[in-house]
Q: 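One structure, pasted below without further comment.
Values below: all heavy atoms of this structure, side chains included; hydrogens, waters and symmetry mates excluded.
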Amino acid sequence: VGLGDARAPELTAALPPEVVQVRREVADALEWHDFKVAARQAKKLLARDPHDRWANMVLSDALVELGDVDGAADALQRVLDRKPTGAAYL
């Protein structure tokens, strides 16, 4: 998952400011290995848009780190079900 991409203006310009802010919070939490916060904030993004590939990818990452392999697999499966392009990994 491209955490820096949560902060890149050219990749976030089309997103609402509140989504950009939460993505930054997720990226910061993952950098600091605060996986509970990362998962909580990713779920906040998914409440807004359940098909957000970036949010599902980072949720999967955070849940793996928290030992919730089944939850991580579910989040990753949601990404795969949408037939991701390379943009899913940004």
Q: Establish whether Val64 and Phe35 are linked, either directly or via other cluster members, by ILVMFWY side-chain heavy-atom contacts under 4.5 Å.
A: no
Q: What closest approach, in Å, do Ala38 and Ala29 show between heavy atoms, and which atom pair accounts for it?
A: N-CB, 3.6 Å
Q: Heavy atoms only: give me the nearest Ala55-Ala42 pair and the separation to one decimal.
A: O-CB, 3.8 Å
Q: How far apart are the closest heavy atoms of Met57 and Leu76, and which atoms are they?
A: SD-CD1, 3.9 Å
Q: Quick check: do Gln77 and Asp81 have side-chain heavy atoms less than 4.5 Å from each other?
A: yes
Q: Can you tell me how far apart CZ (Arg82) and NE2 (His51) are? Round to the nearest 0.5 Å.
A: 5.0 Å
Q: Mind checking whether Val37 and Leu46 sit in one hydrophobic cluster, side chains of I, L, V, M, F, W, Y counted as touching below 4.5 Å?
A: no
Q: Scan the side chains in residues 66-75 for donor-acceptor partners under 3.5 Å anywhere in the protein, sequence neighbours excluded, and list what turns up.
A:
unit_1 : atom_1 : unit_2 : atom_2 : d
Asp68  : OD1    : Gly71  : N      : 2.8

Q: Less than 4.5 Å apart, side chain to side chain, heavy atoms only: is that true for Leu15 and Arg23?
A: yes
Q: Test Leu45 against every option in Asn56, Val19, Leu59 by the side chain to side chain contact (heavy atoms under 4.5 Å, CB included) rule and name the one that passes.
A: Val19
Q: Any chance you could measure Gln41, atom CD, to Arg24, atom CZ, to the nearest 0.5 Å?
A: 14.0 Å
Q: Does this structure show an ion pair linking Glu25 with Lys44, if we count only N-O contacts that are shorter than 4.0 Å?
A: no
Q: For Val26 and Trp54, what are the C-alpha separation, side-chain angles and deciding distance, and is it a side-chain contact (heavy atoms from CB on, under 4.5 Å)?
A: CA-CA 10 Å; Val26 171; Trp54 188 89; 3.7 Å; yes
